[in-house]
Visitor: 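What follows is a structure written as structure tokens; I'll ask about it next.
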Amino acid sequence: MTLRRRALLLVAISCLAAVGITACGGSGKPPSPKHFRTPKFLLHAGLGFGAFHTFIWAPAHDGKFATSPSAVSEAAAAATFAASQLKQAAGYARRNPAERSLFPALTVVADKVEALRATIVGPTSSLAAIEAVNQSLGRINQAATAGGHHISDASAAQIAAAGGPRA
């Protein structure tokens with residue numbers, strides 16, 4: 001690592017530390033773990049929701065699975081990625097009292113998304129199963145919103161940057 005990069009890294013770490021202390025009211029104590037759970041929960045939930053909607057739900061509604069093998073392979077990869085992200089979000093929800101009520105629903109829908117992979121790569125994809133998962137995600141988002149957290153779908157670029165399928 002060059003001297004310049006080390007200096008930039010030191011400045012970045014110092015700025016982050018200063019922001020962290022300020023966010024805690026200047027007490028010098030690190031923020032409580034609860035402060036970090038909700039953003040991670042929202043990040044992983046948003047990635048899972050976005051992957052499902054971008055690569056599975058939208059192409060299924062547009063009829064692309066019947067005409068585009070690349071859409072099928074993207075959807076299969078997205079199912080694996082979305083299920084993983086939803087399971088991670090469920091883990092954060094389980095550990096945070098503010099989101100704990102979402103844990104069972106997130107776990108069930110993650111399993112359903114994972115099961116969709118076999119349906120998507122099979123001879124016939126089930127639009128009804130995909131729509132059922134979409135409705136479950138909608139209910140989870142409504143419950144999260146009622147609890148003060150809105151889950152926003154991640155963009156295709158954000159999904160790709162996180163290791164998901166690329167559009």
Side-chain angles (χ1 to χ4, degrees), residues 5 8-9 12 16 33-167:
R5 285 188 180 175
L8 287 172
L9 182 61
L16 288 173
K34 180 181 174 189
H35 290 257
F36 293 110
R37 288 192 184 131
T38 295
K40 287 183 179 181
F41 162 75
L42 292 174
L43 168 74
H44 292 291
L47 286 167
F49 279 46
F52 175 80
H53 288 125
T54 303
F55 296 102
I56 300 172
W57 187 77
H61 274 271
D62 293 343
K64 290 186 179 175
F65 291 165
T67 60
S68 173
S70 65
V72 172
S73 64
E74 283 179 347
T80 301
F81 177 78
S84 171
Q85 294 301 311
L86 292 170
K87 286 177 184 178
Q88 288 183 46
Y92 286 108
R94 185 185 72 227
R95 292 186 295 271
N96 188 354
E99 297 140 4
R100 191 167 292 139
S101 64
L102 299 174
F103 170 72
L106 281 166
T107 303
V108 168
V109 80
D111 291 341
K112 287 182 180 181
V113 170
E114 201 165 40
L116 276 179
R117 187 179 191 291
T119 302
I120 291 166
V121 297
T124 59
S125 63
S126 171
L127 190 57
I130 293 169
E131 188 57 41
V133 169
N134 185 52
Q135 290 174 0
S136 295
L137 291 174
R139 286 190 295 276
I140 290 169
N141 198 10
Q142 286 176 343
T145 301
H149 308 298
H150 178 71
I151 301 170
S152 298
D153 286 7
S155 69
Q158 291 167 322
I159 294 164
R166 302 188 189 293

Visitor: Between S68 (side chain only) and F65 (backbone N and O only), is there a donor and an acceptor less than 3.5 Å apart?
Guide: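 Side chain of S68 to backbone of F65: no pair is present.
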Visitor: Looking at CG of L102 and OG1 of T107, how far apart are the two atoms once the value is rounded to the nearest 0.5 Å?
Guide: 10.0 Å
Visitor: Measuring only between side-chain heavy atoms, which start at C-beta, is T54 closer than 4.5 Å to D153?
Guide: no
Visitor: Should the ring pair H61 and W57 be called parallel, tilted or perpendicular, given that the plane angle runs from 0 to 90° and is split at 30 and 60?
Guide: tilted
Visitor: What are the two closest heavy atoms between I159 and A51, and how far apart are they?
Guide: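 Scanning both residues, the minimum pair turns out to be CD1-N, 3.3 Å.
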Visitor: Quick check: does any side chain N or O of E99 sit under 3.5 Å from a backbone N or O of N96, one acting as donor and the other as acceptor?
Guide: no
Visitor: Pick from N141, V113, V109: which one makes a side chain to side chain contact (heavy atoms under 4.5 Å, CB included) with S136?
Guide: V109
Visitor: About how many Å separate CZ of R95 and NZ of K40, when rounded to the nearest 0.5 Å?
Guide: 9.0 Å
Visitor: Can you give me the closest heavy-atom contact between A45 and L86, atom names plus distance?
Guide: O-CD2, 4.4 Å
Visitor: For the OG atom of S126 and the CD atom of E131, what is their distance to the nearest 0.5 Å?
Guide: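 S126 atom OG to E131 atom CD measures 10.5 Å (nearest 0.5 Å).
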Visitor: Side-chain contact, heavy-atom cut-off 4.5 Å: I140 with F49?
Guide: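 A side-chain contact exists here, since the closest heavy-atom pair is under 4.5 Å.
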Visitor: With heavy-atom distances below 4.5 Å as the criterion, would you say the side chains of K64 and V72 are in contact?
Guide: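 No - every pair of side-chain heavy atoms lies 4.5 Å or more apart.
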Visitor: How close do G48 and A82 get, counting heavy atoms only, and between which atoms?
Guide: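 Reported closest heavy-atom pair: O-CB, 3.5 Å.
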Visitor: Give the minimum heavy-atom separation between F103 and A90, together with the two atoms involved.
Guide: CD1-O, 3.1 Å
Visitor: How long is the gap from CG on L47 to CG on L42, to the nearest 0.5 Å?
Guide: 11.0 Å
Visitor: Using the ring of each side chain (for Trp, its six-membered ring), is F41 parallel, tilted or perpendicular to H149, with breaks at 30° and 60°?
Guide: perpendicular
Visitor: Distance to the ring centre below 6.0 angstrom and angle to the axis at most 45 degrees; does that hold for R94 and Y92?
Guide: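 Not satisfied by the 6.0 Å and 45° rule.
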Visitor: Does CZ belonging to R166 count more than 12 external heavy atoms closer than 6.0 Å?
Guide: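 No, CZ of R166 has 12 or fewer neighbouring heavy atoms, counting only those of other groups under 6.0 Å.
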Visitor: Hey, what do you get for CG (L116) to CG (D111), rounding to the nearest 0.5 Å?
Guide: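 One finds 11.0 Å between CG of L116 and CG of D111.
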Visitor: Find the distance between CG (L137) and CD1 (I151) and round it off to the nearest 0.5 Å.
Guide: 8.5 Å
Visitor: Can you find a pair of side-chain heavy atoms, one from T80 and one from R117, that are under 4.5 Å apart?
Guide: yes
Visitor: Do the side chains of K87 and E114 get close enough for a salt bridge, i.e. N-O under 4.0 angstrom?
Guide: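 Counted as a salt bridge, because a side-chain N and a carboxylate O are separated by less than 4.0 Å.
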Visitor: For N134 and H53: C-alpha separation, side-chain torsions, deciding distance, then whether side-chain contact (heavy atoms from CB on, under 4.5 Å) applies.
Guide: CA-CA 8 Å; N134 185 52; H53 288 125; 2.6 Å; yes
Visitor: Testing the basics here: between F55 and A75, what is the closest heavy-atom pair and its distance to 0.1 Å?
Guide: O-CB, 3.2 Å
